[in-house]
Amino acid sequence: MAPATEFFTFAAVGALAQLVDGALGMAYGVASAAMLLGLGVPPVTATASVHQAEAFTCGASGLSHWLAGNVRWPLFWMLALPGVVGAVIGAAVVVQVPADWMRLALTPYLLGMGVFLLLRSARPRPPGPDVPSGTPVLGLGAGFADAIAGGGWSALTVTTLVARGATPRTVIGTVHLAKCVVSIAASMSFLLLVGLGHGTAVLGLMVGGVLAAPVGAVFARRMPARVATALAAIAVLGLGVSNVVKAFG
């Protein structure tokens with residue numbers, strides 16, 4: 001593939017992934033990593049490239065959500081600080097543990113949470129606290145899983161927090177801003193461990209994602225909570241089914 005064609009291909013992937021991620025709070029890392037792996041990029045390099053791009057795209061997305069009023073600072077700190085620790089540990093482990101193992105380990109959780117959220121969207125419960133108990137542990141685990149699998153931070157944090165009654169709009173916005181900090185920590189760790197990843201892919205993903213970030217934030221603000229919950233459930237189920245197909249295909 002010619003460099004210019006490759007750049008625009010990854011820019012389109014980054015833009016589409018960011019639109020979905022901005023509206024639903026997940027899927028940018030998973031979609032981008034899957035594309036890189038599909039083109040034959042080694043798993044460690046794919047994971048590093050996604051995080052290097054996310055350090056910029058999440059910054060644009062997080063800023064957009066903050067300006068749109070979608071961020072809750074107490075929840076941000078409870079996610080971001082443990083998430084950084086988890087991401088650094090995960091980056092150190094990923095060179096030894098195959099990413100497919102982590103994806104397979106996450107599959108039962110994703111399938112179960114997807115079904116749970118579908119039921120919740122049909123019969124929503126009263127709103128819960130802005131910062132549910134156990135949030136720091138969630139941030140630690142999600143940061144670790146995200147660094148290993150190239151994605152999973154949003155899928156784990158958004159689904160868990162929404163399932164516990166937090167408002168989808170503020171969860172999505174806060175998770176995005178926290179993801180920026182976690183991605184920077186993971187990116188710096190990968191730079192030290194494996195160096196710069198696939199440069200053209202990183203640049204394409206970054207440009208496409210940054211350009212699409214403001215639109216995703218507007219979607220998140222205007223989308224009804226029940227609709228956002230249902231779409232998040234479908235996205236999570238899709239990720240889980242995709243993992244099953246890859247594992248047994």
Side-chain angles (χ1 to χ4, degrees), residues 1 3-4 6-11 13-15 17-18 21 26-64 76-77 79-103 106 139-157 175-213:
M1 186 182 296
E6 187 178 22
F7 169 79
F8 285 113
T9 297
F10 284 113
V13 171
Q18 187 62 49
D21 194 80
M26 65 189 70
Y28 179 87
V30 173
S32 302
M35 181 68 176
L36 290 172
L37 291 172
L39 292 175
V41 177
V44 174
T45 304
T47 301
S49 298
V50 168
H51 283 90
Q52 288 156 5
E54 280 185 325
F56 294 91
T57 59
C58 289
S61 179
L63 178 62
S64 299
F76 168 82
W77 293 114
L79 286 172
L81 296 181
V84 165
V85 176
V88 172
I89 296 173
V93 173
V94 72
V95 295
Q96 302 294 333
V97 179
D100 288 341
W101 291 9
M102 181 57 66
R103 292 194 187 99
L106 289 174
L140 179 68
F144 177 81
D146 188 79
I148 285 189
W153 165 266
S154 299
L156 288 169
T157 54
V175 163
H176 270 75
L177 191 59
K179 187 177 183 180
C180 174
V181 179
V182 173
S183 294
I184 291 173
S187 178
M188 295 301 295
S189 299
F190 280 120
L191 281 173
L192 293 174
L193 292 169
V194 298
L196 184 64
H198 195 295
T200 304
V202 172
L203 185 60
L205 293 171
M206 181 182 69
V207 171
V210 168
L211 292 176

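Only a predicted model underlies this, so the values are computations on that prediction, with no experimental measurement involved.
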With heavy-atom distances below 4.5 Å as the criterion, would you say the side chains of Ile89 and Val85 are in contact? yes

Locate the shortest heavy-atom distance separating Gly143 from Val182; write the atom from each residue and the value. CA-CG1, 4.3 Å

Rounded to the nearest 0.5 Å, how far apart are CZ of Phe76 and CG of Leu81? 7.5 Å

Which distance, rounded to the nearest 0.5 Å, do you find between the CG of Leu193 and the CE of Met188? 11.0 Å

Heavy-atom closest contact (Ala91 atom, Ser189 atom, distance): CB-CB, 3.6 Å

Non-hydrogen atoms of Trp153 and Ala178 that approach each other most closely: CZ2-CB, 3.9 Å

Drop me the distance from Lys179's NZ to Thr157's OG1, to the nearest 0.5 angstrom. 8.0 Å

Distance-minimising heavy-atom pair for Ala87 and Ala147: O-CB, 3.5 Å

State, to 0.1 Å, how close Ala142 and Leu156 come at their nearest heavy-atom pair, and which atoms those are. CA-CD1, 3.8 Å

